[in-house]
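A short worksheet on the structure shown next.
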There are 2 protein chains.
Amino acid sequence: MANIKDIAKMAGVSVTTVSRVINNHPYVSFEKREAVLRAIEVSKYEKNINAVHLSKGKTFLIGIAIPFSNHPFFALIVEGIANEALNNNYKLVLFQTNYEEFREIEALDMLKQKQIDALIICSRICQWDTIDAYLDYGPIIFCEDTRDKKVSSIFMDHYKSFSKALEYLHFKGHRKVGICVGRRTGFNGEQRILAYRDFLNKINEPFESEYIFSDCYDFENGEEIVQRLINMNNPPSALLVSNDQVAAGIVTCSKEKRISIPHELAIIGFDNQPIAKIMNITTIEIPLVEMGRKLFLRAINNKNISQEEISVKLVERLTV
Amino acid sequence: MANIKDIAKMAGVSVTTVSRVINNHPYVSFEKREAVLRAIEVSKYEKNINAVHLSKGKTFLIGIAIPFSNHPFFALIVEGIANEALNNNYKLVLFQTNYEEFREIEALDMLKQKQIDALIICSRICQWDTIDAYLDYGPIIFCEDTRDKKVSSIFMDHYKSFSKALEYLHFKGHRKVGICVGRRTGFNGEQRILAYRDFLNKINEPFESEYIFSDCYDFENGEEIVQRLINMNNPPSALLVSNDQVAAGIVTCSKEKRISIPHELAIIGFDNQPIAKIMNITTIEIPLVEMGRKLFLRAINNKNISQEEISVKLVERLTV
DNA sequence: CTGTTAGCGCTTTCAA
DNA sequence: TTGAAAGCGCTAACAG
């Protein structure tokens, strides 16, 4: 496989000139440029990008850490990132963490070793002090509220949006409200539960721990939730569900079990995914693709750290 | 940021010795090793992986090209690949093609430039002659039957599995059978449609072009299909759907429109995804994660090309 | 406009 | 056991 030196020899010029031609730099005479181009043509020369990376100290690779790749929430963020990456000539390295800490650390290590120029962490697992140790090696961008930290983020205020949804449920006459969330831990999970507690306080309802369903990620979790609901002697009249997949699962199973929605059970989802539209589920819309776009842009240009909040929107449909 | 030379100087040894220590090569005296280790410690040395790549001509990066990242079919393959990649210390570069040819070519170009060691193409877009031009640059593995080509693949026989499902429908008494597929083009799409035509011939039924629904990818497509079904004056009594998401969409919408399943309309899906289980959809199970695993293994060890067929299994539930 | 040359940071051969 | 030195392929400062 030919390299830049071979081309230089073939074209009867220096490697610099070849480099200039390859990278479209000015100041190359027509003849030499042609000669180089011809040599490249006949020798089927391809530049070795690793040499470029080494030389430039930059890879045009952005890492992106997500817990699952088969989850629409993250898939949409990835889509936003992927589109913008394409526009800017960057490629993506995907780290599927399955919420395992060591996998997130692997991603951080790649940043350290300069195999990626920046890292976007969509759902942090590591403690902040672990992250801190990597901050010097390159930009790390988060999807959570980091206004109290020295790192950049594009985030939605989970406290605010959960509160908004809860208020809506209350406005619609519900007092016994339960919630379904993913992890209880992590900043986001905590914010949601805090919003829930504050809401209960405000409307003067007691906190029922069995009204909190956690580890809800997918359609299939809806089944367990409905089952548990049936077994309760004082079930909630409404459920705020942190993602549409789960909400859809609940709605589907409720129908099977002849639980009338929204009369016996009101459901409000999150994300406004296609399934929510089809199934007419009331939900909170989050501009995920846009969020991905902004995440990427921050990743490649993080001169000064900043935190930006993304706002959400209530989409009223038929499940409340 | 310290480099290997700095460490050598600090430890009072040569770069070679440092390299040996870093890479756990033998023949380093205890004292020198300790000295090097200490220097690494105090200087917070991190090896620059790009230099390693350049020097070795290998990146430990595997590219994986998928049309969408928010589709369970591909998400599961990615999961299988991701798991095995982890075991083997490889990282993944994700190319979301959206079925746009130039994005697939970008991936091929990265192979050419040696930024990835191999490429897995899960749903090819380019023509074969385009691919051919890249075969010399590194292993390219496919998810489609390539037994007539000089490239490796792990695939399921779409003709066979479609035939299997169609036979089952026929066995259950259906003669007016329609199909829902993704792309009509591409090897897989063609195989499916061929199986369909052969089936019709065999049972002596005419080919009705309106019985083929194409571009069906997601839950939401179910809605359009049901709508079209309603408008037909001679609708099929059964539908073979090439993926469970779509099948679920059809089942959901049918219920809304009071179309009784399986009595008025039988549905058989593909993939055996969680949603199929929840909704009791009869489906064809494909071991996607296992397929991902095998794809990866071939990608990193493709000395001699080979094609391996993955077999599928009918899962009988309540929609037929 | 063009070429020389010194890196980029690491691996590996070869000789000692 | 060890180290000098020659790459790996490309970029960019500098001199002309």
Side-chain angles (χ1 to χ4, degrees), chain A residues 1-40 43-61 89 109-117 137-138, chain B residues 1-37 39-40 43-61 109-117 137-138:
Chain A
M1 225 131 275
N3 64 22
I4 199 173
K5 227 183 251 168
D6 299 330
I7 302 300
K9 204 171 294 169
M10 289 174 64
V13 301
S14 70
V15 290
T16 315
T17 301
V18 177
S19 176
R20 288 205 181 96
V21 173
I22 291 171
N23 299 295
N24 287 315
H25 283 306
Y27 306 132
V28 179
S29 69
F30 180 80
E31 292 76 22
K32 299 221 170 189
R33 164 163 280 120
E34 288 300 300
V36 169
L37 258 17
R38 212 169 308 121
I40 287 177
S43 66
K44 294 186 176 183
Y45 163 80
E46 286 302 328
K47 84 154 83 170
N48 180 327
I49 208 77
N50 292 308
V52 178
H53 292 335
L54 172 59
S55 197
K56 292 211 178 181
K58 202 161 180 283
T59 60
F60 284 94
L61 242 33
N89 245 304
D109 281 331
M110 275 186 69
L111 182 66
K112 197 176 189 173
Q113 302 190 342
K114 302 187 189 309
Q115 191 161 13
I116 54 181
D117 292 346
Y137 300 114
Chain B
M1 223 129 278
N3 65 20
I4 200 173
K5 225 182 255 169
D6 300 330
I7 302 298
K9 204 170 296 169
M10 289 174 64
V13 301
S14 72
V15 292
T16 316
T17 301
V18 177
S19 176
R20 288 207 180 94
V21 173
I22 291 170
N23 298 297
N24 288 316
H25 282 308
Y27 305 131
V28 179
S29 69
F30 180 78
E31 292 75 22
K32 300 221 171 190
R33 166 164 278 121
E34 288 300 300
V36 169
L37 258 17
I40 288 177
S43 65
K44 292 187 175 179
Y45 164 80
E46 286 301 327
K47 86 154 82 169
N48 180 327
I49 208 77
N50 292 308
V52 178
H53 293 335
L54 171 59
S55 198
K56 292 211 176 181
K58 202 162 180 280
T59 61
F60 285 94
L61 242 34
D109 280 332
M110 275 186 70
L111 182 66
K112 197 175 190 175
Q113 301 190 342
K114 301 186 189 310
Q115 189 161 13
I116 54 181
D117 292 345
Y137 300 114

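First the proteins, then the strands, lettered A, B, ... as listed; each starts at 1.
If you check D/dT11, D/dT2, C/dG3 against the side chain of A/Lys47, the one that comes closest is D/dT11. Taking the side chain of B/Ser14 as heavy atoms from C-beta on, and the options C/dG3, C/dC8, D/dA4, the nearest nucleotide is D/dA4. Closest to the side chain of A/Ala51, from the set D/dC10, D/dA5, D/dA12, is D/dC10. Considering only side-chain atoms of B/Val15, the nucleotide from D/dA5, D/dG9, D/dG3 that sits closest is D/dA5. Comparing D/dT2, D/dT11, C/dG9 by their closest approach to the side chain of A/Val52 singles out D/dT11. For B/Ser29, whose side chain is taken as the heavy atoms from C-beta onward, the closest listed nucleotide among C/dT5, D/dT2, D/dC10 is D/dT2.
DNA chain D is contacted by both B/Phe30 and B/Ser55; B/Phe30 maps to the nucleotide lying nearer its 5′ end (nearest heavy atom per residue). Taking the nucleotide of DNA chain D with the nearest heavy atom to each of B/Gly12 and A/Leu54, the more 5' of the two is matched to B/Gly12.
Between the NZ atom of B/Lys5 and the P atom of C/dC10 there is a distance of 10 Å, rounded to whole Å. Taking atom CD1 of residue B/Ile49 and atom P of nucleotide C/dT11, one finds them 9 Å apart after rounding to whole Å. Taking atom CZ on B/Arg33 and atom P on D/dG3, their separation rounds to 13 Å, with Å as the unit. One interatomic measurement links the two molecules: NZ of A/Lys114 to C1' of C/dC10, which rounds to 14 Å at whole-angstrom precision. In this entry the distance linking CG of B/Asn3 with P of C/dA6 reads 18 Å, nearest Å. Whole-Å rounding puts the A/Lys112 NZ to C/dG9 P distance at 17 Å. Taking atom CG of residue B/Asn50 and atom P of nucleotide D/dG9, one finds them 15 Å apart after rounding to whole Å.
At a cut-off of 3.5 angstrom, counting only N and O atoms as typed in the model, there is a donor on one side and an acceptor on the other between the side-chain of A/Thr16 and the base of D/dA12.
A donor-acceptor contact under 3.5 angstrom links the side chains of A/Lys47 and A/Asn23, judged on distance only.
Annotation: side chain of B/Ile49 is not in contact with side chain of B/Phe60 (no heavy-atom distance under 4.5 Å). Counting heavy atoms from C-beta outward, B/Asp6 and B/Ser43 have side chains that stay 4.5 Å or more apart.
OP1 or OP2 of C/dT11 sits under 4.0 Å from a side-chain N or O of B/Ser19. Between A/Lys32 and the phosphate of C/dG3, there is a side-chain N or O to OP1/OP2 separation shorter than 4.0 Å. One finds a side-chain N or O of A/Tyr45 lying less than 4.0 angstrom from the OP1 or OP2 phosphate oxygen of D/dC10.
Between B/Leu61 atom CG and A/Met110 atom CE the span is 5.5 Å, to the nearest 0.5 Å.
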**Study point:** Trace of the side-chain hydrogen bond (donor to acceptor under 3.5 Å, both in side chains) decision for A/Gln115 with B/His53
**Key:** CA-CA 10 Å; A/Gln115 191 161 13; B/His53 293 335; 3.1 Å; yes
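B/Asn23 comes within 4.0 angstrom of sugar-phosphate atoms only, judged by non-hydrogen atoms across all strands, and of no base. Backbone-only contact: B/Val13 has heavy atoms under 4.0 Å from sugar-phosphate atoms and none from a base.
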